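I have placed the structure first, in the form of structure tokens, so that the comments after it can refer back to it.
In the text below, chain A, chain B and the rest are named by the order of the sequence lines, each starting its count at 1. All values derive from a computational prediction rather than experimental measurement.
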Amino acid sequence: MSQPPIISVRNLSKTYASGFTALKNVKLDIQRGEIFALLGPNGAGKTTLIGVICGLVKASAGQVIADGHDIQREYRLVREKIGLVPQELHTDAFESVWATVNFSRGLFGKPRDPSLIEKLLRELSLWDKKDARIMTLSGGMKRRVMIAKALSHEPKILFLDEPSAGVDVELRRDMWQLVRRLRDSGVTIILTTHYIEEAEEMADRVGIIRQGELILVEEKAALMRKLGKKQLRLQLKTPLAAIPDTLAGYALELAGEGQTLIYTYDDQQDDTGIAELLRRLAAQGIDFRELQSSQSSLEDIFVSLVQGRP
Amino acid sequence: MNFHAIRAIYRFEMARTFRTLMQSIASPVLSTSLYFVVFGAAIGSRMGEVDGIHYGAFIIPGLVMLSLLTESISNASFGIYMPKWSGTIYELLSAPVSSAEVILGYVGAATTKSVMLGLLILATARLFVPYHIAHPFWMLAFLLLTAFSFSLFGFILGIWADSFEKLQIVPLMIVTPLTFLGGSFYSISMLPPLWQKIALFNPVVYLVSGFRWSFYGVADVAVGISVAMTALFMLICLVAVWWIFKTGYRLKR
Ligand SMILES: Nc1ncnc2c1ncn2[C@@H]1O[C@H](COP(=O)(O)OP(=O)(O)OP(=O)(O)O)[C@@H](O)[C@H]1O
Ligand SMILES: [Mg+2]
């Protein structure tokens, strides 16, 4: 891409006071206007990475540049451009929704703008709750309040640390829509999630982090192309007890009590081997009723990556 | 300067005060009134005069200081401890605010509240004992300086504390004894000579003495020393706060 990255993480490491190293020499560039999904198992270091960029966690080594500014030396310029929705629900229980969102805007250095806050609350279906004390809200509503707070100062960069934890399907869809709208308006979004479908649905690029190491960063489509295995499933007319020896050279599996023959292949190769396989099957007299091909999901890719066998 | 942030924090803190009006204003006023009834009216009528001042009037500056110190500390410490405890501090840490702005917001609100409280106690005292204020400007200056310094101290305490127990132990075990022993209810000159010397190590002595001087023109220690000691205490707190923010001590992980 021709534009410089909006966030550039350079050789970032973090060792907590306990001696635990949560980030190991992380290098990452986030492109302007993209939705970047950070995936990784529990304890991988996602929240820590976001914490460093947002100023909650002190880096042990390395540097982060956001929109051209060093996050430490020029924290003021950087932070007014960043909104953060943390993983945990931290709210001022006794405050009203209206007060807390206006507070956030002020804290981030913006003059009061009641009409903008109203629009935001309406968009998040919180308008009828604006005078309610936060402690009277449900968990999902509280998360929306946190989103409203993070957006109250119109940030250019938005961090969503597991936005869909504890959120029902409908709200998740709403949130995805909101995120897309934000992206369309030019906001760069970095989110972490355990729902692979979320990343698959929304992200432009995906980063996978494991034990503090960023093990892969790839465009989602390319990742799915590259690592996504294709499978050909043949519904056999007569069940097989075992795969015939003559087909030993193929990555074949039997499923469904011998009713289904599954062939896993790499569709990046010129020769997928399908034609030859079918010819051999015919020669063996193995007949099939139906055939379908499918691609492995991001989830399959993710699981195989974090388990360390790409 | 991020004035919007200062204002936001200040308003937030003041809103908290007014939400808990009973606890934050009414209870100190009530307890001070009790002191006046017991020490001022009941015992004071048999006490005669101290340094040529009627005892009931003599204890007013000390009582105001007692409330001012405890309330400044508990207010400011609670104000910053709560977000740490509830986790909402994340927002403050991720906001484009400098340490000076955070302090102006939090400590400014705690100071405002303490000064309001001090004036309220003075007004309440009027109902029990007649008194006059010889140096109103200095009275206000001491009130303000003390409220600010001890709010700063409370702010530091709130950052240091990692439990509600610690939050309360310092005011309870250190500040209250120092205030009681700091000449709130008596003149240092009434102590035996050795204890007079020891008392000079108690910083509260300087506060109470200076404050009392602003009322009645009499003091245990020279008023210049009182001002200098108060300013010194404030300076120490300012340096401590600056260091806390510079290092991220107990704020950042
Ligand atoms: N304050 C801390 N002190 C010591 N270790 C910590 C601290 N915070 C986090 N860790 C450790 O750092 C590692 C990374 O934690 P982090 O919260 O970044 O993980 P995560 O990827 O966000 O996990 P999750 O998916 O569960 O949210 C974990 O092993 C965690 O135990
Ligand atoms: Mg996390």
Side-chain angles (χ1 to χ4, degrees), chain A residues 14-18 22 47-48 50-59 69 71-72 74-96 99-113 133-135 146 149-150 152-153 155 159 161, chain B residues 1-24 78-106 108-109 158-160 162 243-253:
Chain A
K14 171 63 186 177
T15 302
Y16 280 109
S18 62
T47 301
T48 304
I50 291 178
V52 171
I53 301 174
C54 293
L56 312 184
V57 177
K58 276 176 72 140
H69 305 288
I71 58 157
Q72 269 186 312
E74 299 168 285
Y75 69 94
R76 222 189 259 278
L77 288 170
V78 168
R79 291 187 192 167
E80 63 183 26
K81 295 182 181 130
I82 295 183
L84 165 66
V85 183
Q87 183 171 2
E88 312 276 340
L89 290 171
H90 301 302
T91 52
D92 290 302
F94 300 102
E95 285 285 305
S96 73
T100 202
V101 177
N102 278 288
F103 167 80
S104 298
R105 183 171 168 86
L107 195 62
F108 279 76
K110 294 284 170 74
R112 286 179 79 86
D113 188 342
R133 283 185 172 197
I134 297 172
M135 64 183 186
M146 312 249 327
K149 280 166 79 72
S152 65
H153 62 282
F159 286 91
D161 198 352
Chain B
M1 203 71 168
N2 185 346
F3 287 107
H4 294 295
I6 300 172
R7 204 178 69 139
I9 297 172
Y10 186 88
R11 282 172 61 132
F12 178 89
E13 281 298 293
M14 291 312 278
R16 191 169 63 82
T17 302
F18 290 112
R19 228 177 11 236
T20 53
L21 208 59
M22 272 307 278
Q23 184 210 329
S24 48
F78 205 72
I80 189 69
Y81 181 77
M82 273 312 282
K84 262 190 6 166
W85 179 78
S86 71
T88 52
I89 187 105
Y90 85 87
E91 202 176 17
L92 197 65
L93 293 177
S94 64
V97 289
S98 67
S99 49
E101 288 150 3
V102 173
I103 289 163
L104 278 173
Y106 277 103
I159 286 175
W160 167 79
D162 49 17
W243 177 82
I244 284 171
F245 278 96
K246 190 170 141 43
T247 58
Y249 168 78
R250 296 227 173 176
L251 285 172
K252 294 191 184 196
R253 284 176 289 136

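The two atoms that bring Ile82(A) and Phe108(A) nearest to each other are O-CE2, 3.6 Å, heavy atoms only. Contact detail for Arg76(A) and Val97(B): the closest heavy-atom pair is NH1-CA, 4.5 Å.
Each of Lys149(A), Arg133(A), Glu95(A) was scored for a side-chain hydrogen bond (donor to acceptor under 3.5 Å, both in side chains) with Thr100(A), with one residue passing: Lys149(A).
No other option in Cys54(A), Ala99(A), Ala150(A) has as many heavy-atom pairs under 4.5 Å with chain B as Cys54(A). Of the residues considered (Arg79(A), Arg105(A), Lys58(A), Glu80(A)), Arg79(A) shows the highest number of contacts with chain B, using heavy-atom pairs under 4.5 Å. Taking Ala15(B), Pro83(B), Ser86(B), Gly87(B) one by one and counting their heavy-atom pairs under 4.5 Å with chain A, the maximum is reached by Gly87(B). Of the listed residues (Ser94(B), Gly105(B), Ala8(B)), the one with the most heavy-atom contacts under 4.5 Å to chain A is Ser94(B). Of the listed residues (Glu101(B), Arg7(B), Arg16(B)), the greatest number of heavy-atom pairs within a distance under 4.5 Å of chain A belongs to Glu101(B).
Between Leu92(B) and Leu251(B), every side-chain heavy-atom pair lies at or beyond the 4.5 Å cut-off. Using a 4.5 Å heavy-atom threshold, the side chains of Thr48(A) and Tyr16(A) count as touching.
Distance check, rounded to the nearest 0.5 Å: CH2 of Trp160(B) to NZ of Lys84(B) gives 9.5 Å.
Heavy atoms closer than 4.5 Å to chain B are found in the side chain of Lys14(A), but not in its backbone. For a residue to count as touching a neighbouring chain, one of its non-hydrogen atoms must lie under 4.5 Å from one of that chain's; by this rule Glu88(A) does not touch chain B. Heavy atoms of Phe103(A) lying under 4.5 Å from chain B belong to its backbone as well as its side chain. Contacts of Ser104(A) with chain B are made by both backbone and side-chain atoms, with heavy-atom separations under 4.5 Å.
Counting non-hydrogen atoms of neighbouring residues, nucleotides and ligands closer than 6.0 angstrom, the CZ atom of Phe94(A) reaches no more than 12 such neighbours.
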